[in-house]
Amino acid sequence: MYPTYHRGSRQLQDRFDTRRLADRLDERFVQRGVIDADDRAFIERMDMFFLATADAEGRPQCSYKGGEPGFVRALDEHTIAFPNYDGNGMYLSMGNLTLNPHVGLLFVDFTAQRPSRLRLNGMASVDERDELVATWPGAQFAVRVTVQQVFPNCPRYIHRLALVERSRFVPDGQQPVPVPDWKRTDWACDVLAADDPARRGEPLREDGM
């Protein structure tokens with residue numbers, strides 16, 4: 001467990017007289033550092049989260065990760081895992097993890113009667129040979145995160161939204177994953193990997209970049 005606050009945090013806490021509150025929140029929520037039963041239920045019913053990473057020089061990336069509910073799994077009190085699916089091939093976030101394992105995840109439930117969110121910080125690893133890969137249809141590799149901090153976040157500014165449709169590009173192991181239109185464009189098709197489905201003439205669907 002590493003300290004929650006640094007000099008910058010403390011300066012602002014002192015400026016706005018929130019140091020006592022910050023310390024109480026840290027003591028009550030952040031420093032427990034484990035995934036409890038409520039956290040696990042929340043994480044495993046989510047169909048998306050936001051992922052924060054940084055490279056070896058500290059330059060950040062923030063990305064959206066989506067899947068079927070339960071695609072992120074709480075393996076025990078200190079570990080979660082999620083799959084990496086085919087994307088645009090840039091591997092900005094995943095590449096960061098191979099150089100700098102520090103990672104932050106933000107889960108938000110926009111659709112519940114009372115919207116809520118959960119933050120999780122820890123150390124991540126990427127493994128193509130992880131035994132979990134085979135349990136996620138279409139996964140390229142697994143990401144495991146060893147949790148160092150997990151804590152609920154104030155929900156008061158979360159907008160309440162309604163789910164319209166989940167992405168048809170999420171692999172389910174039942175239907176072929178549609179090919180995104182952008183992979184058939186002139187600027188992309190000639191540099192695709194040799195085994196990319198877009199080279200094999202599958203029918204086009206709406207853009208899934």
Side-chain angles (χ1 to χ4, degrees), residues 1-2 4 29-30 33-35 38-112 115-130 132-133 135-155 157-159 161 163 166-172 177 180 182 207-209:
M1 183 68 67
Y2 53 82
T4 302
F29 297 108
V30 182
V34 298
I35 302 168
D38 290 338
D39 298 331
R40 179 173 191 154
F42 183 86
I43 290 168
E44 294 191 342
R45 67 183 169 85
M46 291 296 97
D47 58 4
M48 55 79 69
F49 67 92
F50 299 98
L51 177 69
T53 65
D55 65 16
E57 283 72 48
R59 293 171 296 200
Q61 292 288 339
C62 184
S63 61
Y64 166 93
K65 299 296 179 184
E68 291 297 316
F71 81 112
V72 183
R73 302 174 190 171
L75 305 181
D76 56 46
E77 288 186 336
H78 301 284
T79 314
I80 68 164
F82 60 89
N84 188 78
Y85 297 124
D86 173 68
N88 58 19
M90 297 176 75
Y91 296 102
L92 296 175
S93 296
M94 297 298 109
N96 280 351
L97 295 182
T98 67
L99 300 177
N100 179 354
H102 292 276
V103 64
L105 293 82
L106 173 63
F107 297 88
V108 186
D109 187 344
F110 295 97
T111 63
S116 53
R117 55 184 170 175
L118 185 74
R119 290 191 186 191
L120 188 153
N121 299 322
M123 305 289 282
S125 62
V126 173
D127 189 354
E128 293 182 57
R129 295 176 295 278
D130 192 301
L132 291 175
V133 174
T135 69
W136 288 300
Q140 295 180 324
F141 49 81
V143 179
R144 291 189 185 229
V145 179
T146 300
V147 173
Q148 295 175 317
Q149 296 174 324
V150 53
F151 56 103
N153 209 187
C154 178
Y157 295 118
I158 301 176
H159 305 294
L161 307 177
L163 176 66
R166 290 197 171 93
S167 172
R168 289 175 285 180
F169 294 89
V170 174
D172 63 7
V177 178
W182 68 270
D207 184 32
M209 183 176 180

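Count residues from 1 along the sequence. When reading the values below, keep in mind they use all heavy atoms of this one structure, side chains included, and skip hydrogens, waters and symmetry mates.
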Checklist line | Shortest non-hydrogen contact between R59 and D55, atoms and distance | finding: NE-OD2, 2.7 Å
Check: Salt bridge check: are D109 and R117 linked by an N-O gap of less than 4.0 Å?
Finding: no
Notebook entry, point to check: Do T98 side-chain atoms and G95 backbone N/O form a donor-acceptor pair below 3.5 Å?
Noted result: yes
Next item on the list: Spell out, as yes or no, whether a donor-acceptor pair under 3.5 Å connects the side chain of E44 to the backbone of A74.
Entry: yes
Could you tabulate the donor-acceptor pairs under 3.5 Å formed by side-chain atoms of residues 135-143, not counting sequence neighbours?
| from | atom 1 | to | atom 2 | distance (Å) |
| --- | --- | --- | --- | --- |
| T135 | OG1 | R73 | NH1 | 2.8 |
| T135 | OG1 | R73 | NH2 | 3.2 |
| T135 | OG1 | L132 | O | 2.6 |
| W136 | NE1 | F71 | O | 3.2 |
| Q140 | OE1 | N84 | ND2 | 3.0 |
| Q140 | OE1 | Y91 | OH | 3.0 |
| Q140 | NE2 | Y91 | OH | 3.1 |

Checklist line | Derivation and outcome, side chain to side chain contact (heavy atoms under 4.5 Å, CB included), residues Y64 and L51 | finding: CA-CA 6 Å; Y64 166 93; L51 177 69; over 6 Å; no
Item checked: With sequence neighbours excluded, residues passing ring pair (Phe, Tyr, Trp, His ring centres under 6.0 Å) with F107 -> F49
Checklist line | Stepwise side chain to side chain contact (heavy atoms under 4.5 Å, CB included) test for E68 and R166 | finding: CA-CA 8 Å; E68 291 297 316; R166 290 197 171 93; 4.3 Å; yes
Notebook entry, point to check: Ion pair present between R144 and D130, side-chain N to carboxylate O less than 4.0 angstrom?
Noted result: yes
Notebook entry, point to check: Does some side-chain heavy atom of I80 sit less than 4.5 Å from a side-chain heavy atom of I35?
Noted result: yes
Item checked: Residues T146 and T79: side-chain donor-acceptor under 3.5 angstrom -> no
Check: Should we say atom CD of E57 is surrounded by more than 12 heavy atoms from elsewhere, each under 6.0 Å from it?
Finding: yes
Note to self: I'd like to check the side-chain contact (heavy atoms from CB on, under 4.5 Å) partners of R119; sequence neighbours left out, ordered by chain and number.
What the structure shows: L106, F151, N153
Check: Would S63 and F50 count as a side chain to side chain contact (heavy atoms under 4.5 Å, CB included) if you check the C-alpha gap in whole Å, the side-chain angles of each, and the deciding distance to 0.1 Å?
Finding: CA-CA 6 Å; S63 61; F50 299 98; over 6 Å; no
Check: So, for G33 and H78, which heavy atoms are closest and what is the spacing to 0.1 Å?
Finding: O-ND1, 3.6 Å
Margin query: Would L120 and V147 count as a side chain to side chain contact (heavy atoms under 4.5 Å, CB included) here? Give the steps.
Written below: CA-CA 7 Å; L120 188 153; V147 173; 3.7 Å; yes
